[in-house]
Amino acid sequence: MSDLEAEYRLDYFEEEGFTRRECPSCGVYFWTRDADRELCGEPPCEDYSFIDDPGFPEAYSLTEMREAFLSFFEENGHERIEPYPVAANRWRDDVLLTQASIYDFQPLVTSGETPPPANPLTISQPCIRMQDIDNVGKTGRHTMAFEMMAHHAFNTREDAEADYAYEGEVYWKDETVAYCDAFFESMGANIEEITYLEDPWVGGGNAGPAIEVIYKGAELATLVFMCMEQDPDGEYEMKDGNTYSFMDTYIVDTGYGLERWTWMSQGTATVYEAIYPDAIDFLKENAGIEHTDEERELIHRAAKLSGRLDIDDVDDVEDARGEVAEKLGVDVDRLRELIEPLETIYAIADHSRTLAYMFGDGIVPSNVATGYLARMVLRRTKRLVDDVGVDAPLDELVDMQAERLGYGNRDTIREIVRTEERKYRKTLERGSRKVEQLADEYAATDDPIPTEELLELYDSHGIQPDMVAEIAAERGAVVDVPDDFYALVADRHERVTDGTDAEPDRDERLADLPETEKLYYDDQGRTEFEAVVLDVFERDEGYDVVLDQTMFYPEGGGQPADRGQLSAGETAVEVVDVEEVDGVVLHHTDADPGKGEFVRGRVDGGRRERLRVHHTATHLIGHAAREVLGGHVRQAGAQKGLNSSRLDVRHYERIAREDVREIERVANELVRRNVAVTQEWPHRHEAEAEHGFDLYQGGVPPGTNVRLIHVGDVDVQACAGTHVDRTGDIGSIKLLKTEPVQDGVERIVFAAGDAAIEATQRTEDALFDAATELDVDPLDVPEAAERFFEEWKARGKEIDSLKEQLAEARASGGADVDEVALGDVTAVIQRLDGDADELRATANAHVDDGSVAVVGSGANGSASFVVGVPADVSINAGAVVSDLAGRVGGGGGGPPDFAQGGGPDVERLDEALAAAPDVLRRMLEA
RNA sequence: GGGCUCAUAGCUCAGCGGUAGAGUGCCUCCCUUGCAAGGAGGAUGCCCUGGGUUCGAAUCCCAGUGAGUCCA
């Protein structure tokens, strides 16, 4: 196996007089201008040396630093690119959040399928890394939200065989390192102090040599040279244990942490004080945190020390605090008391910024994907705010950050935060009640609350174990939270196994066929065309026919495939399905039209028309929903049909009835305006620059050009479906219902065109039928229904009370009553064929008179008994019923004073009743 | 996308095969007239919907609907 040492021997290092050394402390190889340097410079080998002694002559704010970086690279031939959303799952499905600038260009650009927006380019990309969430605020340097400043260059090997969307080399390693040096110099840094550490990079199936750039103890940049891909036969084994080989594209991927650079320029004790001083001042004041000069001095010295410690997980933080206290010569508890509130405030500032990024980018809280992450961050922030006693509402804290970041949808962001906060409060209230109950239960028994209960509370009700412990303590119950609590939670989910669906094999047969020419985009209303059969493949059922050109629309974008016929001369074959594979359209037919034949195709026009109408209507409803509900509304899925279609949209609460009406109104308004629906195929970068990422409601398509569908000047989307020419062709749109698909996603079901009329007729038919049944005017149905329902309930009550009266009347001497003396008491044996309520009421009436009651009924096709026993009589009613019911082939039971039972043999009911006196006597004697 | 939990009086919940309950709120009366007052009486339920098991289902099983929650 080769290693990558040679990859780091740059001409630039040679020319600039660098030397390569091995750090005696950690063993890493690094390059430096300072021939006397021993150590690599990175903690823990060396400490931070910029705290209270900034690394650059001038102090920069975040904004100033971002501008300094971007304009430096702009001046050096890079094009400045606007940042991408933080929700990376909007253009890729392998990750949820943008964690680095290179994420913007994966996978389509890095693979060479799609050209980069500029080459070379520079960008400052907002990123969110949830991995560090527990450290935020505590270490002085971790943030969950950050901006990665970067410059990228996309290169293709000269000898590459395949075609790529970019060609040749822009620049590679030497220039990248030279730029880095030059940028440091432009900031006024002493470049003698910089060290370049060899640190190969691996990630996401790619790998390459990489360099960490260390200045005054801080890692300020990482220069990654992505040039290898995972390959079982590769000759390089990387640190993940896999082997890699070089690929045709090679990409400069750099990352300069905006926050780190800003911090370096200011030399404050923690990064937080450098990047959002205003938010921290506000929070401190709001939480009422004040310090004496002596305390301030102590905190500053502690922060300096803890910033230098190597702490990468929370367990270490407590150890580190002890260490710091010792060095400062203060009591660790005093230190904790001083520092913890500050740590909380730092975390709140960072989390608020994270939330502003998330909601600003249109993420809606939910129980899945990015929405779930947003919910977790919000809840955590809420807890921190409550812990430290900040009484500013959460939506205001997030809004402060949103304002600073310049988002235009601040009102929606606030509304989302408020809604989500309200939901969380309800969860907490629900949880508290549950825990209080549980705590009381276990406080009485002196047993600790079992771990199983804790797991249940957390897993099913979202209640953190520390909250359980807190409430339990107030109520005098004991809780032991196991150290491996969260591992136990994970175990509960362990059983879940899913078979990973295998990638379907690529169809080799299609490799030599040309892409099918798609006529359906030329005239979306045409249904007839002529074509040549290029090839026919047999399949399990029927055939796949490939034509040189087609009018048939294949399944895609939630639009079902066209149907129709292909005819050659006298013979015609039915097209039952159509799909597209690698640009080749396969017509699934019931018979073989013959390879090489000249065919006439006819698309089922009625079907096509309905699909076109529904597809354009989908765009209108998406637009109307955005207008009515807010700009965050985004498509989460769609399916067109012939009779109705559905559009799933992201929204943070149930869609109110009045909003449904308003969406319907706005959509139909557009229909009435009869605006033109047009298509165009611009270069994707032009399209993105003009319309932004909201173009891709249904996913990001590959390729250099994208097809855009414009509805007048109100809506534009990248879309491959077939549409009507003018909105008026839709006729009308009827929203049928909305339903929640999952938290944060609402499904809007609607019908358009003829289907809208039909749907309305169906609803009307139902109403008219109901009206006929109630014998009222259709418009009076709700009122009549309510009246009937009320009346029905009143009658139920009246019947109950009449049954009581009837029972009393019967008990006081009706027919079919046998009285039997049982020693001191009388037993009443009675048959009355009524329902269970009547039997019970009658039995009760007898018992009230002081008699034992045995009441039987043969109504409703089965025999049933009720036995009642006055309190002072020692007969077990349950046992009596059990005996009697056995005689009719059934069973029964109940408490000793009142029991019920029965069986299927009605004809033996009288026989059983006749035996009742004997049974009672036996019971009395027993 | 998967797992789990829940659905009973206006509200909060108990009941978990055998006559639907408590607290609170509501109505009436009494006692007091001060600050979630005390006493007596009363009304209020398609026990989420549909199917199944059973002599009998609020209760057990299945499906649906709605709410909540954890994980990727």
Side-chain angles (χ1 to χ4, degrees), chain A residues 89 93-96 130 366-373 375-376 379 423-424 426-434 436-437 441 452-453 455-464 485-501 636-637 653-654 737 739-743 745 789-790 792-797 800 803-804 807 835-845 847 853 855-868 877-878 881-882 884-906 908-909 912:
Chain A
N89 62 346
D93 52 18
D94 56 336
V95 292
L96 296 175
M130 301 278 293
S366 129
N367 62 341
V368 294
T370 52
Y372 180 64
L373 299 181
R375 173 167 288 169
M376 288 299 97
R379 292 185 171 193
K423 283 189 186 172
Y424 187 42
K426 286 203 166 176
T427 294
L428 289 182
E429 281 167 9
R430 242 193 315 270
S432 304
R433 283 194 300 264
K434 262 199 154 48
E436 280 166 12
Q437 235 171 300
E441 195 178 310
E452 193 50 42
E453 295 279 7
L455 288 170
E456 176 72 21
L457 283 170
Y458 178 71
D459 204 21
S460 298
H461 304 288
I463 304 161
Q464 315 272 347
F485 182 77
Y486 291 95
L488 291 174
V489 175
D491 285 346
R492 290 189 128 208
H493 299 275
E494 190 73 324
R495 305 167 283 228
V496 189
T497 49
D498 59 325
T500 44
D501 39 3
E653 57 186 0
R654 295 298 312 266
K737 65 170 177 177
E739 56 183 352
V741 177
Q742 57 184 221
D743 214 5
V745 178
F789 188 50
E790 291 300 326
W792 174 79
K793 286 195 285 190
R795 285 187 190 191
K797 266 176 236 164
D800 283 345
K803 277 182 188 166
E804 296 274 349
D835 63 19
D837 282 338
E838 288 177 65
L839 295 191
R840 279 194 291 261
T842 306
N844 280 335
V847 170
V855 190
S857 162
N860 302 321
S862 68
S864 55
F865 303 97
V866 171
V867 174
V881 160
S882 190
L884 295 179
R887 294 164 189 265
V888 292
D897 61 329
F898 194 91
Q900 305 164 56
D905 302 335
V906 188
R908 298 182 61 188
L909 173 62

Would you say that A/Leu455 contacts A/Phe485 through its side chain, given a criterion of any heavy-atom pair below 4.5 Å between the two side chains? yes
Please report the distance, rounded to the nearest Å, between NE2 in A/His461 and P in B/rU12. 15 Å
For atom CZ of A/Arg840 and atom P of B/rC55, their distance in whole Å: 17 Å
N or O in side chain of A/Gln742 less than 4.0 angstrom from B/rG1 OP1/OP2: yes
With P as the reference atom in both, quote the distance from B/rA9 to B/rU5 in angstrom, rounded to an integer. 22 Å
Can you tell me, in whole Å, how much space there is between the P of B/rC35 and that of B/rA14? 33 Å
How many Å lie between CD on A/Gln437 and C1' on B/rC6, as a whole number? 13 Å
Under 4.0 Å: is that the gap between some side-chain N or O of A/Gln900 and OP1 or OP2 of B/rG17? no
Provide the distance between the two P atoms, one in B/rG17 and one in B/rA57, to the nearest whole Å. 14 Å
Using OP1 and OP2 only, check whether a side-chain N or O of A/Arg379 sits under 4.0 Å from B/rU69. yes
So, is A/Lys426 near the phosphate of B/rA67, with a side-chain N or O under 4.0 Å from OP1 or OP2? no
Is any side-chain N or O of A/Arg430 closer than 4.0 Å to OP1 or OP2 of B/rG68? no
Presence of A/Thr427 side-chain N/O under 4.0 Å of B/rU69 phosphate oxygens OP1/OP2: yes
Counting only side-chain N and O atoms of A/Lys793, is one of them less than 4.0 Å from OP1 or OP2 of B/rC46? yes
